[in-house]
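Shown next, in structure tokens, is the structure this report addresses.
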Amino acid sequence: MRMAAAATSRAFLFSHHYHSLPFFFPSFLTASRLPTLHRNNLRNPILLSTVKCLQSSSGRQNVVEILEERGLLESLTSEHLRQACSDPSLPPLKVYCGFDPTAESLHLGNLLGIIVLSWFQRCGHRPVALIGGATARVGDPSGKSLERPELDLDTLSLNTSGVSNNITRILGRISILNNYEWWKEVRLLEFLKDVGRYARVGSMIAKESVKKRLESEQGMSYTEFTYQLLQGYDFLYLFQNEGINVQIGGSDQWGNITAGTELIRKILHADAAAYGLTFPLLLKSDGTKFGKSEDGAIWLSPSMLSPYKFYQYLFSVPDADVVRFLRILTFMDMDEIKQLENEMEGPGYLPNTAQRRLAEEVTRFVHGQDGLDEALKATEALRPGADTKLDWKTIQAISEDVPSCSFPYNQVLDLSLVDLSVSSGLLDSKSAARRLLKQGGLYLNNSRVDNENKRVEPQDIVDGKLLLLSAGKKNKVLVQILSDT
């Protein structure tokens, strides 16, 4: 009874305190976009009524502490967020992360935002993804040395669809919003009068992302300079209209996130009601970005990067990084990760065991079990010396990830393997091919070639359509056989 009375009293103070504050609402925010606050329609969960507070679950794990333990917490705008995550008298938080549709797919660097949203979801909170259909037209200068190229409307629409599909495929049917829906109604003069006057130029210039660009030769356009105010207003709008009280982002988003919490504090006079949380950028131990390969970004969309190649990139993580990536990129139990770490340092450890687990866990999270099965099957099929029988369907699934060439059937049949290794581009010269063959490193369809006089026979051609040549474990060429007719 005493605890219930205390919770009731606290909720009463919340609702009456915020109802009595002198809220200011910009004149251009109409009832359809930003309704006037009344005690009975106050939607923000932190400020809900007695009944809602008493109905909240008391068994939630503290997501902030989980993120901190796993190395996924960089900064908090207020320690009150930590308390709000564990206070049984408060309902679940509503948290969002923004994704600007600057490409048709998200990439591995964006995955951290999705993972942090998923952790909030797993701890009983409500995740929301915000597609920056409006802000992508401006371009976020954070971490960029040059202004982003302008995107046309058709490209933006295509990108928005692709990014939304990424998020839905990974997180399921969560709420996905697009900030263009409210920005298309905003008038410049009214925005400057009602919102812009709360932004201090000194504070905006002091943001790290702005300072770096101003000190560079390229400088910064006014368009980019306003980005933090646009993102700040997004948080204000979402706080007010959607009941969202937490914004998350990478550490380079700190200035943009605090721009939002400041607008909420100044315009709505709502202290300790909106929070920001940042996580570290995805970097390797040498300080370079993780998520880039020689061929470009590691995309999350299977149409832009196959699950096989995605898996292979994660499998190639060095020992120095793999344990940290297991903590931040997977949902494995921390005790299990610690056990793997101990095994790596002990005798009898099978090399790449931790890398294999990392690749499996992340590929399953991003591409589902079917995507992981496809990646594992292709990995086994393409391993020199593997017993897996090659078939056209397996090879076709990863054909875009392996260099290829085409020859008519009659040119390949009865051709020496040494000659084919050179004409296909696998090796530079016949002498190099003979030398590799003698060393046991030349493979045809995953089978080691021991005979220097080996020639292509009809039974060597997989399903009458292709040959797979390998020089060692990594260098491969797919030879596609064209019909003579």
Side-chain angles (χ1 to χ4, degrees), residues 44-46 60-86 90 92-100 106-132 135 140 142-143 163 166-167 170-172 174-179 207-209 227-228 230-239 242-264 272-283 291 300 327-329 331 365:
N44 195 291
I46 288 295
R60 288 196 305 266
Q61 289 182 286
N62 192 310
V63 64
V64 173
E65 292 178 358
I66 291 174
L67 297 176
E68 190 170 43
E69 181 186 22
R70 302 186 78 95
L72 278 168
L73 179 62
E74 180 85 8
S75 302
L76 296 172
T77 56
S78 171
E79 281 294 319
H80 289 151
L81 175 58
R82 189 189 302 270
Q83 300 166 15
C85 288
S86 58
L90 296 177
L93 299 166
K94 202 169 182 183
V95 52
Y96 89 97
C97 186
F99 303 92
D100 276 352
L106 297 175
H107 54 75
L108 196 57
N110 301 125
L111 187 60
L112 278 186
I114 295 176
I115 287 172
V116 174
L117 282 181
S118 184
W119 273 117
F120 272 91
Q121 187 178 40
R122 289 162 190 248
C123 291
H125 303 288
R126 300 170 61 190
V128 175
L130 177 66
I131 307 298
T135 43
D140 185 0
S142 302
V163 169
N166 289 161
I167 295 168
I170 297 172
L171 290 180
I174 72 164
S175 177
I176 299 178
L177 305 175
N178 189 329
N179 64 6
K207 306 289 186 186
E208 193 63 29
S209 60
Y227 186 94
Q228 58 181 290
L230 304 185
Q231 185 170 327
Y233 174 71
D234 280 341
F235 197 2
L236 171 70
Y237 180 93
L238 292 170
F239 177 87
E242 299 293 334
I244 292 174
N245 40 32
V246 182
Q247 181 183 177
I248 66 168
S251 56
D252 59 347
Q253 293 296 305
W254 179 254
N256 296 336
I257 291 174
T258 54
T261 55
E262 282 297 293
L263 282 181
I264 292 170
Y275 308 103
L277 179 153
T278 61
F279 44 82
L281 299 179
L282 193 56
L283 302 176
L300 304 187
R327 293 193 191 104
I328 65 178
L329 293 176
F331 300 90
F365 180 63

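One-based numbering along the sequence shown.
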Note, [X] side chain near [Y] side chain (heavy atom, < 4.5 Å):
X: Leu177; Y: Tyr96; answer: no
X: Leu329; Y: Leu112; answer: yes
X: Leu263; Y: Phe235; answer: no

Under 3.5 Å: donor-acceptor pair, side chain of [X], backbone of [Y]:
X: Lys94; Y: Glu242; answer: yes
X: Thr278; Y: Ser75; answer: yes
X: Asn256; Y: Gln231; answer: no

| said: Let's go through Val116 and Val95 carefully: what are the C-alpha distance in whole Å and the side-chain angles of both, what is the deciding distance for side chain to side chain contact (heavy atoms under 4.5 Å, CB included) to 0.1 Å, and is it a yes or a no? | reply: CA-CA 10 Å; Val116 174; Val95 52; over 6 Å; no
To the nearest 0.5 Å, how far apart are [atom1] in [X] and [atom2] in [Y]?
X: Leu117; Y: Ile248; atom1: CG; atom2: CD1; answer: 4.0 Å
X: Ile328; Y: Leu73; atom1: CD1; atom2: CG; answer: 13.0 Å
X: Asn245; Y: Leu238; atom1: CG; atom2: CG; answer: 11.0 Å
X: Leu171; Y: Cys97; atom1: CG; atom2: SG; answer: 10.0 Å
X: Leu277; Y: Phe120; atom1: CG; atom2: CZ; answer: 5.5 Å
X: Asn110; Y: Asn166; atom1: CG; atom2: CG; answer: 8.5 Å

| task | Given side chain to side chain contact (heavy atoms under 4.5 Å, CB included), test Leu106 with Leu111 step by step and report yes or no. | result | CA-CA 8 Å; Leu106 297 175; Leu111 187 60; over 6 Å; no
| said: For the residue pair Asn179 / Thr135, report whether a side-chain donor-acceptor contact shorter than 3.5 Å exists. | reply: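 Thr135 vs Asn179: donor-acceptor pair found between side chains.
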Nearest atoms (heavy-atom pairs only) where [X] meets [Y]:
X: Pro280; Y: Gly71; answer: CG-O, 3.5 Å
X: Gly113; Y: Phe99; answer: C-CZ, 4.4 Å
X: Glu74; Y: Ser251; answer: CG-CB, 3.9 Å
X: Gly250; Y: Leu281; answer: CA-CD2, 4.3 Å
X: Ala274; Y: Thr261; answer: O-CG2, 3.9 Å
X: Cys85; Y: Leu93; answer: SG-CD1, 3.6 Å

What side-chain donor-acceptor pairs closer than 3.5 Å can you find for residues 63-70, not counting sequence neighbours?
residue	atom	partner	partner atom	Å
Glu68	OE1	Arg82	NH1	2.9
Arg70	NE	Arg327	O	2.7
Arg70	NH1	Met332	O	3.0
Arg70	NH2	Arg327	O	3.3
Arg70	NH2	Thr330	O	3.0
Arg70	NH2	Met332	O	2.9

| said: Set out, in order, the CA-CA distance, both residues' side-chain angles and the distance that settles side chain to side chain contact (heavy atoms under 4.5 Å, CB included) for Ile176 and Val163, then state yes or no. | reply: CA-CA 10 Å; Ile176 299 178; Val163 169; over 6 Å; no
| query | What is the ring orientation for Trp119 with Phe331, classed by angle as parallel under 30°, tilted 30 to 60°, or perpendicular over 60°? | reply |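 Rings of Trp119 and Phe331: tilted, as their planes differ by 30° to 60°.
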| said: Classify the ring geometry of Tyr237 against Tyr233: parallel below 30°, tilted from 30° to 60°, perpendicular beyond 60°. | reply: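 Geometry flag for Tyr233 against Tyr237: tilted rings.
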| request: Show your reasoning for whether side chain to side chain contact (heavy atoms under 4.5 Å, CB included) applies to Asp100 and Tyr227. | output: CA-CA 12 Å; Asp100 276 352; Tyr227 186 94; 2.6 Å; yes
